[in-house]
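For reference, the structure discussed in these notes is given below.
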Amino acid sequence: MNVLGLYNYWVFAVLLMIGFYAVIANTNLIKKLIGLSIFQAAVFLLYITMGKISGGTAPILPKGVSDAVYSNPLPQVLILTAIVVGISTTALGLGVLVRIKEEYGSIDERDIQEIDRQ
Amino acid sequence: MTVLFGIFLLTLLVITAVAIVRTRNLVVAVMLLGIFSLLLAINFFLLDAADVALTEAAVGAGISTVLFLGALALTSEFEHRRESARRRALSLLVVASAALVIVYATFDKPRFGDPDAPVLSYLGPWYLEETPEYVDIPNVVTAVLGSFRGYDTLGEVFVVFTAGIGVLFLLSARQQGTGVGRRKVDLRDEVLLVVVGRLLVPFILLFGLYVQFHGEYGPGGGFQAGALVAAGFILYSLIEGEKRALSALPLRALTVLTVGGTLLYGGVGVAGMLMGSNFLAYSVLTGDPVTGQKLGIILIEAGVGMTVCGVLLTIYHAFARREPAQ
Amino acid sequence: MTTSPGDDTNGRTEGSVAARAAALAAVLATAWLLWSGLYKPLLLGLGAFSCALVVYASLRMRLLDYSVFSARFGWRLLGYWGWLGKEVARSTMQVTRAVLSPSLPISPTVAELDAESRNRVDLAMLGNSITLTPGTLTIRIRDGRLMVHALTKEGAEEVMEGEMNRRVAGFGGAEVYYVVTLAILVTMALALIRAVLGPTVYDRVLAVNMFGTKTVLLLSVIAFLGGRPDFLDLALAYALINFISVLAVLDFYRNRSRRGLQRQDGEAAG
Amino acid sequence: MIALLQDIASWILLTAGGAFVLIGGIGALRMPNLYTRMHAASVTDTMGAFLVIAGIMVQAGLSLATIKLIAILLFLLITSPTSSYALASAALLSGIRPDAGQAADRPAQPPPDKGSAA
């Protein structure tokens, strides 16, 4: 169990880097945004993992139970709001891309740079 | 055993992420992103984060797919491979070495679920112990979100609000064209979809409100509820078309919802000041501090729900009403 | 109970909007009371407010203008569901045999079927019943005609014979949860393989869809496994809204093909 | 005694449900084209879902949880054929012929998207 005890963090690292790869290796701007979403999800996973206690349960205290172990509520609060903020900001990014497409006729980094150079 | 399930699901998560990056068809990428979100929600649930899982469900099932597809319809659904092999190899190198560094760093981290981890030793237990006394509601997450960290949540609501305004500025400028926008056809000729949609919309809305008002007792609250109610209206709009959806819930009403929600949240804070305490201190709202806390949380959660719902629908309509570029 | 396509109450097809609104309010109030399970004055008040708000929204959306919540509750309907259940069980076994036998004995067929009733609700119920029965799948409904895809010729013939058409008108034993969780997880992996392999976009949508159902089941099971059955809300959320993304895909392709863009410009994407 | 009967009943229901869920998954992989795959998927959606949820219901007995499970099952039985229909209509619209017969994906259909298998 000792080695598997870090599995969540490894998945975090891999997901983070998959998202990062999509951002730096692709020239398509929507793909970059999708990469950012994955990147973001990796961070969510890290926070929630750190709040987990073995044998714990969700921090919603049922009546009449006093000896239960609860996982940490704080990371959950942070991530809960971050998810909604994440979709709003992603939408903002998509809005910018739509305008870029209208102005440049493309959402590819290369095309945009070429047009800008002219 | 549950830990092993978690490990299996996380592996699926990584496979999905790789598939998302590799595909050239962006619609496929968005579909895979849907699977990614489902897996993420199950993982959150396994990690005891019921509230977070419900948020991911409310946002990931539907809304995020709808928004991405809306943007794809206005841009392009295929990715033309333009980057050079050198760039990809270089990126891969950077990414792989960074991943190795992070993995190396994790060996210093406390093991999964370790109750002695530093993260778990200070604030978390304090919230768990004090919530029954100060706020007296079962859901500690809601208590922290609404009361203990009310400033933070207010900030998040402002961010959501700003993002909504931003999309509005970007996409609501007048365009030449028919003025109908991207969605020329609705699904009204699909009898089956119309019937089921009409049947489900009231229940989705009711479920959204149920989640809103049971946030103190179970997983739920304004963020989840706002997204769920928005999903209900989006379903209606998908089936019946933009025109009908906008006559049922006009853009002006959405603005009122968005602004009203934010003002309600801020107003509760100011009310605390006016009644002789600090900004966002709910205890003074009524004679009894605990009741005051409860009232404050219900009010600010309502504000959050209104803003989130208003912003998500505003964004959705902004994309749906836009004419695609030539 | 909450509701199924038919079992709403007294509204005959010609009932007035007000009567339908009252019926909807009653159903919603029942649903709230059953879901909530907390009967404090504050929550009851909020519940009443919520129901009123939803009815108002439904009126604004003109959901009650014609009767989706139409009627026909009664023994006949109960009998129908019982019969449908039997059909589903029988055809499940047929499809199971087909899936598991090495030679994959299928003979896909498309059949067209004239519905006996033109009523929209009847059509929807018929269409969904056909899809619910494994081995047959409604793929298009236009002007009272249903296009049905069947896995085997026999299946198509059975639908054509039209019986369905006529009819329409603290938890012990944790190990078993592990067994079923395992089955669901493996199926998720299989669906993921399908999502990665494709080959068409729609195969991937199908995989997303399968994943959604599996998620609902898995969340229900885990809620019990963890001893917190009050977290079933999560599964309910997915059961209610997960199909929106499939509708969004349909909407996307319909609006795109209407714009006269090339159907498969995928070759250019190579 | 009753508890034992409950356990046995839910064992049977859940195991059978798990089996059908699995069969649906295998079918979705083995079937030759989209429409036939959808038939296999519907085994999971209908029979699998019903048996699994019924199995949990037997365990839960008469409680709030059972009512929620009934609601979940009901909505699932309404939405899952609906999304199958929407999916089939979308596929039909984009020219994937259902009369492909036994033929596997490739010949009868438009070229596949250049997907992740690339």
Side-chain angles (χ1 to χ4, degrees), chain C residues 2 4 34 37 88 92 95-96 99 106 108 110 128 131-132 134-135 137-140 149 151 171-173 176 179-180 183-184 186-187 190-191 194 196-203 205-206 209-210 213 216-217 220 224 229 232 235-236 239-240 243 246-247 249-250 253 263-264 266 269-270, chain D residues 7 11 14-15 17-18 21-23 25-29 34-47 49 52 56 59 64-65 67-68 71-72 74-76 79-95 98-99 101 105 110-117:
Chain C
T2 45
S4 68
L34 290 175
V88 167
T92 301
V95 176
T96 302
V99 167
I106 54 173
V110 177
N128 266 357
T131 309
L132 268 180
L137 170 73
T138 312
I139 53 183
R140 192 179 165 84
H149 186 270
L151 191 58
F171 308 95
V176 67
V179 174
V180 71
I184 297 171
V186 172
T187 309
L190 295 176
R194 181 42 75 203
V196 173
L197 289 182
T200 63
V201 176
Y202 303 102
D203 287 292
V205 182
L206 174 66
N209 216 352
M210 287 185 69
T213 328
V216 172
L217 295 182
S220 311
F224 274 81
L232 284 171
L236 192 54
L240 274 170
F243 79 118
V246 183
L247 289 195
V249 173
L250 175 59
Y253 282 110
R263 192 162 23 83
Q264 281 284 341
Chain D
D7 274 0
W11 255 100
L14 285 172
T15 318
V21 167
L22 203 58
I23 287 164
I26 297 171
L29 219 54
L34 175 71
Y35 296 98
T36 49
R37 278 172 207 141
M38 291 178 70
H39 292 296
S42 93
V43 172
T44 333
D45 287 357
T46 317
M47 212 48 174
V52 169
I56 308 175
Q59 283 283 333
L64 189 67
I67 289 163
K68 278 195 183 151
I72 290 170
L74 216 62
F75 287 124
L76 210 56
T79 55
S80 83
T82 309
S83 51
S84 297
Y85 173 79
L87 170 56
S89 312
L92 197 65
L93 181 81
S94 75
D99 48 21
D105 282 318
D113 63 79
K114 299 293 187 286
S116 38

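Model, not experiment: these values are computed from the prediction. Reminder, nothing fancy here: chain letters follow the sequence lines and each chain counts from 1.
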If I take atom [atom1] from residue [X] and atom [atom2] from residue [Y], how far apart are they, to the nearest 0.5 angstrom?
X      : Y      : atom1 : atom2 : answer
C:R194 : D:L34  : CZ    : CG    : 9.0 Å
D:T79  : C:L247 : OG1   : CG    : 10.0 Å
C:L206 : D:R37  : CG    : CZ    : 8.0 Å

Could you pull out the closest heavy-atom pair between [X] and [Y], with the gap in Å?
X      : Y      : value
C:I139 : D:L92  : O-CD2, 4.1 Å
C:T92  : D:V43  : CG2-CG1, 3.9 Å
D:S83  : C:F243 : CB-CB, 3.7 Å
D:I23  : C:T96  : CD1-CG2, 3.3 Å
D:A65  : C:F224 : CB-CZ, 3.8 Å
C:L137 : D:S84  : CD1-CB, 4.1 Å

Could you check which of D:A40, D:G17, D:A88 has the highest count of heavy-atom pairs closer than 4.5 Å to chain C?
-> D:A88
Winner by heavy-atom pair count (cut-off under 4.5 Å) against chain C, out of D:G25, D:A28, D:P81, D:G18 = D:P81
Please test C:L34 against D:K68 for side-chain contact (heavy atoms from CB on, under 4.5 Å), starting from the C-alpha separation and ending with a verdict.
-> CA-CA 8 Å; C:L34 290 175; D:K68 278 195 183 151; over 6 Å; no
Set of residues satisfying side-chain hydrogen bond (donor to acceptor under 3.5 Å, both in side chains) with respect to D:T82, sequence neighbours excluded | C:N128
Partners passing side-chain hydrogen bond (donor to acceptor under 3.5 Å, both in side chains) against C:T131 (at least two apart in sequence or in another chain) | C:T138
For D:L14 and C:V179, what are the C-alpha separation, side-chain angles and deciding distance, and is it a side-chain contact (heavy atoms from CB on, under 4.5 Å)?
-> CA-CA 8 Å; D:L14 285 172; C:V179 174; over 6 Å; no
When the 4.5 angstrom heavy-atom criterion is applied to D:V21 and chain C, the contacting part is both
Please determine, among [options], the option with the most heavy-atom pairs under 4.5 Å with chain D.
options                        : answer
C:V249, C:V99, C:V88           : C:V99
C:V95, C:V216, C:N209          : C:N209
C:L151, C:V205, C:V180, C:T213 : C:L151

Structural part of C:A235 lying under 4.5 Å from a heavy atom of chain D | both
Is the closest side-chain heavy-atom distance between C:L190 and D:I26 below 4.5 Å?
-> yes
With side chains defined as the heavy atoms from C-beta onward, is the minimum distance between D:I72 and C:S220 less than 4.5 Å?
-> yes
